[in-house]
Amino acid sequence: MTVFVLGSINLDAVARVDGLPRPGETVAGLSLALFLGGKGANQAVAAARMGAPTRLMGAVGGDDSGKGLKAKLAGYGVQVADVLELEGVPTGQAHVWVANNAENMIVVTAGANAMVTPQQVSATPIEGQRVLLCQLETPPAAVEALFRAGAAKGSLRILNAAPALPQGAALFPLTDILIVNQTELASYAKLDREPTRLEEVSVAARKLMSRPDQTIIVTLGSAGVAAVRRDEAFLVEGRKVKAIDTVGAGDCFCGALAAALASGMDLRDAVEMANAAAALSVQKAGAAPSMPSRREVEAFLE
Ligand code: ATP
């Protein structure tokens, strides 16, 4: 089955500095690196690397960086025919400044990502059954249109409700599998601190259920993943690895889970596989370049 991702595509510009600038101050950058980023792009790369036929729908600007990012995505095996190039609109960008003491400042400009519309979704034929995977860096109205169209075709609808947005909760009733991290869980469940123990996590996760047949998955960083359904809750423990860079671990988990489910695995096996994929991803720098192949994950699980 194909994985169909609707989501953001960004150019991430990461500059290292000795110390972060104060308002009005100019500081010299020590280095600058440009990366493919955005939750939609990262998750599509993760699914494609896990061997799933993967289509990405979204938008970039009609600029050089937009074309470059589409070419990069295609190089990872992601089908990009449904990524629009919008003239006169900039490609989404994240400007990240990282200081020597690891403090950072980030400005994300949505650019073309904000221009993805329900009309773009309706104009794209989605034949047959799919695993649909969305996040909240593109307008929720577009996600809603895709999930409604997908429901009519019997597709599996996965929502990674990140970043936590007040409008995000309106999509929960249209979602079959909801994925959040602990911070997002606390925000949607209106808790004043992040739940950690499986008991607390499952009580909080149940608050987000709007239908009895839903699954709520909570990623717990190095502690692993909790999955909560109506009459069961289980924990898949985090794999013991030496973490170098956890950026994109959540995206790796989501893309790998969608790919595993698309290949016909049941939920528990798919969570095990995605947990292993995400553990492998934290051992390498970057987001897209750290997504492991299916062969690497299978070898790690043996
Ligand atoms: P990020 O924003 O850094 O991409 P996130 O907050 O969305 O991540 P996390 O819960 O931190 O998501 O991590 C997602 C998954 O990645 C975890 O559920 C786990 O499977 C894996 N993971 C993350 N950190 C580690 C680690 N240090 N060791 C092993 N696995 C990890």
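Indexing begins at 1, ligand by ligand and atom by atom, following the structure's order.
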For this session: Ignoring hydrogens, just give me the one of A243, A162, A277, S222 whose non-hydrogen atom is nearest atom 25 (C) of ligand 1.
Result: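 Residue with the shortest heavy-atom distance to the ligand atom: S222.
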Problem set entry | Nearest-option assignment for atom 30 (N) of ligand 1, heavy atoms, candidates A287, A279, G248 |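 Answer by nearest heavy atom: A279.
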To the nearest 0.1 Å, how far is [atom] from its closest protein heavy atom, and which atom is that?
atom	value
atom 5 (P) of ligand 1	N181 ND2, 3.8 Å
atom 12 (O) of ligand 1	T219 OG1, 3.5 Å
atom 29 (C) of ligand 1	R239 O, 3.3 Å
atom 20 (O) of ligand 1	N275 OD1, 2.7 Å

Considering both backbone and side-chain atoms of [X], is one of its nitrogen or oxygen atoms within less than 3.5 Å of a nitrogen or oxygen in ligand 1?
X	result
G224	yes
V241	no
A278	no
G250	yes
D251	no
G221	yes

For this session: Check whether any side-chain heavy atom of Y76 lies under 4.5 Å from a side-chain heavy atom of P289, and answer yes or no.
Result: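 In short, these two side chains touch, coming nearer than 4.5 Å.
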Exercise. Is a salt bridge present between E144 and R148, judged by a nitrogen-to-oxygen distance below 4.0 Å?
Worked result: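 Salt bridge flag = yes for R148 with E144.
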Exercise. Hey, is CG on D64 packed in by over 12 heavy atoms from elsewhere, all under 6.0 Å?
Worked result: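 Count not over threshold, so no.
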For this session: Using a strict cut-off of 4.0 Å, indicate which atoms of ligand 1 neighbour a heavy atom of V225.
Result: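 Listed by number with element: 18 (O), 20 (O).
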Exercise. Quick one: which ligand 1 atoms are inside 4.0 Å of a heavy atom on L220?
Worked result: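 Per the distance check, 10 (O), 18 (O).
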Problem set entry | Contact with ligand 1 for G238, non-hydrogen, under 4.0 angstrom |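 No, G238 has no heavy atom closer than 4.0 Å to ligand 1.
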Which pair of heavy atoms, one from [X] and one from [Y], lies closest together, and at what distance?
X	Y	result
A48	V78	CB-CG2, 3.9 Å
N113	I9	OD1-N, 2.9 Å
L178	A161	CD1-CB, 3.8 Å

For this session: Look up atom 2 (O) of ligand 1 and tell me if a protein heavy atom lies less than 4.0 Å from it?
Result: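 Protein heavy atom within 4.0 Å of atom 2 (O) of ligand 1: absent.
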Exercise. Do side-chain atoms of N160 reach the backbone of L133 as a donor and acceptor pair under 3.5 angstrom?
Worked result: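 No: the side chain of N160 does not pair with the backbone of L133.
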Exercise. Can any side-chain N or O of E137 pair as donor or acceptor with the backbone N or O of S8 at less than 3.5 Å?
Worked result: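 Such a contact is absent between E137 side chain and S8 backbone.
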Exercise. Any chance the side chains of R16 and S31 put a donor and an acceptor closer than 3.5 Å?
Worked result: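 Result is no, nothing qualifies.
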Exercise. Taking atom CG of L257 and atom CD of Q43, what is their separation to the nearest 0.5 Å?
Worked result: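 Going from CG on L257 over to CD on Q43, the span is 10.0 Å.
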